[in-house]
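Take a look at the structure below.
In what follows, every heavy atom counts, from backbone to side chain, and hydrogens, waters and symmetry copies are set aside.
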Amino acid sequence: MAAQRLYLDHAATTPMLPAAKAAMVDAMDRWANPSSPHADGRAARATLETARARIAGALGWRGHVIFTSGASEAIAIGLVRAKAGRVMTSPVEHDSVLRVTPGAERLVVDADGMVSLDHARFVGDDGVIVAIQHVNNETGVIQPLDALERDGALLFADCAQSAGKLPLPEADMIAISAHKFGGPPGIGALLVRDLGFLHAGGGQEQGYRAGTENLPAILAMAAALEARTDWLPDAARLRARLDAGVEAAGGQVVARDAPRIPAIASYRMPGLSARAQLIQFDLAGISVSAGSACSSGSLKTSHVLHAMGWDEAAAGEVVRVSFGPQTDEADVDRFLGQWTAMAARAAR
């Protein structure tokens, strides 16, 4: 019998938690439109607003919550509609940030992908918004956003990979995505400290987003946030084991000495392309990725690694491994066994 597949691509999407599934199924009976004025609509609206408060409470957020289809839409709303005359971002942001900020000034990052705070000083009198990822989706590097000296600029934090795992940073706007923390795909939120930061646009969500709210998915997102457990200490132990095993086999840990979330790591296998690695891992029943899931279908070399100073050849030999709450030591050892065998063949 073939071995059960091993899923180590949780940064792309993670399985729905049982509590989220149950909440979504139960909510299928709440079919009324929350914008309808009749009793059924008012009941749906009340449930929606309760869920909004639950999500804010679970995240420790004291501002507004605008529901979106995910982090990408939240990013587009927040950055395109921001009342700001100038946008600044880092060059290691997710593609969804880079796509909507083509003319933005890019900040400097070091070899570990950390934003250089010496270059991150902003004069806010002309309406500056700076967008920096809290946790990088490829390397797992954590940016110390609370230490950022903004001089009055607005801070937009992409927290798709950190929400539900780490405390949110002190930002003015935050993007989150439910399917990264055990909720369903197709639902997320833009957290806004003050709605006055945005130009309105849309008939729903207090006038800031168009489209009937997806109440079942919203309730599932709330349940996922409330059901989360503190599994990152176990993930840190597993990631340390994986780092050591990869290095022992001749591999390279990306951003090894930077602060990284325990759930995400990237590794270089010298002599074997990421494309070849993905094929071999897949044939062995192991799911990993090369860079962001939003762009890995084309297997383009990572812009994140390029910004960190990696050349084309080295960057093209990097794969990403990401853990979920159920990942255990046996999973890490199974991956390491395959990695070691592949690395030995590549070194011949």
Side-chain angles (χ1 to χ4, degrees), residues 11-14 16 20 23-24 27 33-35 44-45 47-59 61-84 87 89 93-101 129 131-135 137 154-164 168-169 171-225 292-294:
T13 194
T14 199
M16 284 182 66
M24 195 165 190
N33 189 323
S35 296
R45 170 59 59 184
T47 301
L48 176 70
E49 296 307 326
T50 298
R52 198 188 307 274
R54 289 168 57 196
I55 289 167
L59 292 169
W61 180 251
R62 296 182 298 277
H64 302 275
V65 177
I66 299 171
F67 291 119
T68 66
S69 62
S72 293
E73 185 188 8
I75 286 165
I77 292 174
L79 294 181
V80 173
R81 296 194 201 158
K83 294 178 181 177
V87 180
T89 71
E93 298 303 305
H94 190 275
D95 282 339
S96 58
V97 170
L98 300 180
R99 279 196 301 267
V100 299
T101 59
I129 184 168
I132 300 179
Q133 225 176 11
H134 189 203
V135 169
N137 54 293
L154 297 179
L155 175 61
F156 185 104
D158 172 5
C159 292
Q161 295 292 349
S162 63
L168 295 180
D172 299 295
M173 289 188 269
I174 290 174
I176 67 171
S177 184
H179 75 106
K180 305 294 189 180
F181 52 74
I187 187 68
L190 175 62
L191 312 182
V192 186
R193 185 165 58 83
D194 185 340
L195 290 176
F197 296 153
L198 294 172
H199 293 287
Q204 284 77 26
E205 290 304 287
Q206 304 169 76
Y208 290 89
R209 196 255 183 175
T212 299
E213 292 93 346
N214 186 345
L215 186 55
I218 289 168
L219 291 171
M221 177 164 68
L225 282 171
S292 169
C294 298

**OP:** Could you check Arg54 against Glu49 for salt bridge (charged side-chain N to carboxylate O under 4.0 Å, His left out), going step by step and ending with a plain yes or no?
**Re:** CA-CA 9 Å; Arg54 289 168 57 196; Glu49 296 307 326; over 6 Å; no
Subject >> Residue pair His94, Gln133: steps toward the side-chain contact (heavy atoms from CB on, under 4.5 Å) verdict >> reply: CA-CA 8 Å; His94 190 275; Gln133 225 176 11; 3.7 Å; yes
Subject >> Residues Val65, Val192; criterion side-chain contact (heavy atoms from CB on, under 4.5 Å); working and verdict >> reply: CA-CA 6 Å; Val65 177; Val192 186; over 6 Å; no
Original post:
Can Gln206 and His64 be said to form a side-chain contact (heavy atoms from CB on, under 4.5 Å), step by step?
Top reply: CA-CA 10 Å; Gln206 304 169 76; His64 302 275; 3.9 Å; yes
Original post:
Step by step, would you call Ile129 with Met173 a side-chain contact (heavy atoms from CB on, under 4.5 Å)?
Top reply: CA-CA 10 Å; Ile129 184 168; Met173 289 188 269; 3.4 Å; yes
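Pro34 and Leu48 get closest at one heavy-atom pair: CB-CD2, 4.0 Å. Residue Ala224 comes nearest to Ala20 through the heavy atom pair CB-CB, 4.1 Å, listed as atom of the first residue, atom of the second, then distance. Looking at every heavy atom in both residues, Leu155 comes nearest to Ala171 through O-CB, 3.7 Å. Between Thr68 and Ala189, the shortest heavy-atom contact is OG1-N, 3.4 Å.
Side-chain contact between Ile187 and Ser177: absent, with no pair of heavy atoms (C-beta onward) separated by less than 4.5 Å. Side-chain contact between Ile55 and Phe67: present, with at least one pair of heavy atoms (C-beta onward) separated by less than 4.5 Å. Side-chain contact between His134 and Asp158 is absent, with no heavy-atom pair separated by less than 4.5 Å.
For the atom pair CG (Leu168) and CD1 (Ile176), the distance works out to 7.5 Å, reported to the nearest 0.5 Å. To the nearest 0.5 angstrom, Leu98 atom CG is 6.0 Å from Thr89 atom OG1. Between the CZ atom of Phe181 and the OG atom of Ser162 there is a distance of 10.5 Å, given to the nearest 0.5 Å.
For Gln161 (side chain) and Asn137 (main-chain N/O), no donor-acceptor pair under 3.5 Å exists by modelled atom type. Asp95 places no side-chain N or O within 3.5 Å of a backbone atom of Val97 that could act as its donor or acceptor partner. Checked by atom type and distance alone, the side chain of Gln204 never pairs as donor or acceptor with a backbone atom of Ala210 at under 3.5 Å. A donor-acceptor contact shorter than 3.5 Å links the side chain of Lys180 to the backbone of Ala12. Side-chain atoms of Asp172 do not come within 3.5 Å of backbone N or O of Arg193 as any donor-acceptor pair.
Listed by chain and number, the residues in a side-chain contact (heavy atoms from CB on, under 4.5 Å) with Ser69 are Glu73, Arg209 (sequence neighbours excluded).
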Which atom pairs, one a donor and one an acceptor, fall under 3.5 Å between side chains of residues 77-84 and the rest of the protein, sequence neighbours left out?
unit_1: Arg81; atom_1: NH1; unit_2: Gly201; atom_2: O; d: 2.8
unit_1: Arg81; atom_1: NH1; unit_2: Tyr208; atom_2: O; d: 2.6
unit_1: Arg81; atom_1: NH2; unit_2: Gly201; atom_2: O; d: 3.3
unit_1: Lys83; atom_1: NZ; unit_2: Gly196; atom_2: O; d: 3.3

Show me the donor-acceptor pairs within less than 3.5 Å that the side chains of residues 212-223 make with the rest of the protein, sequence neighbours left out.
unit_1: Thr212; atom_1: OG1; unit_2: Asn33; atom_2: ND2; d: 3.4
unit_1: Asn214; atom_1: OD1; unit_2: Ala217; atom_2: N; d: 3.3

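The pair Glu93-Arg99 does not count as a salt bridge, with every side-chain nitrogen at least 4.0 angstrom from each carboxylate oxygen.
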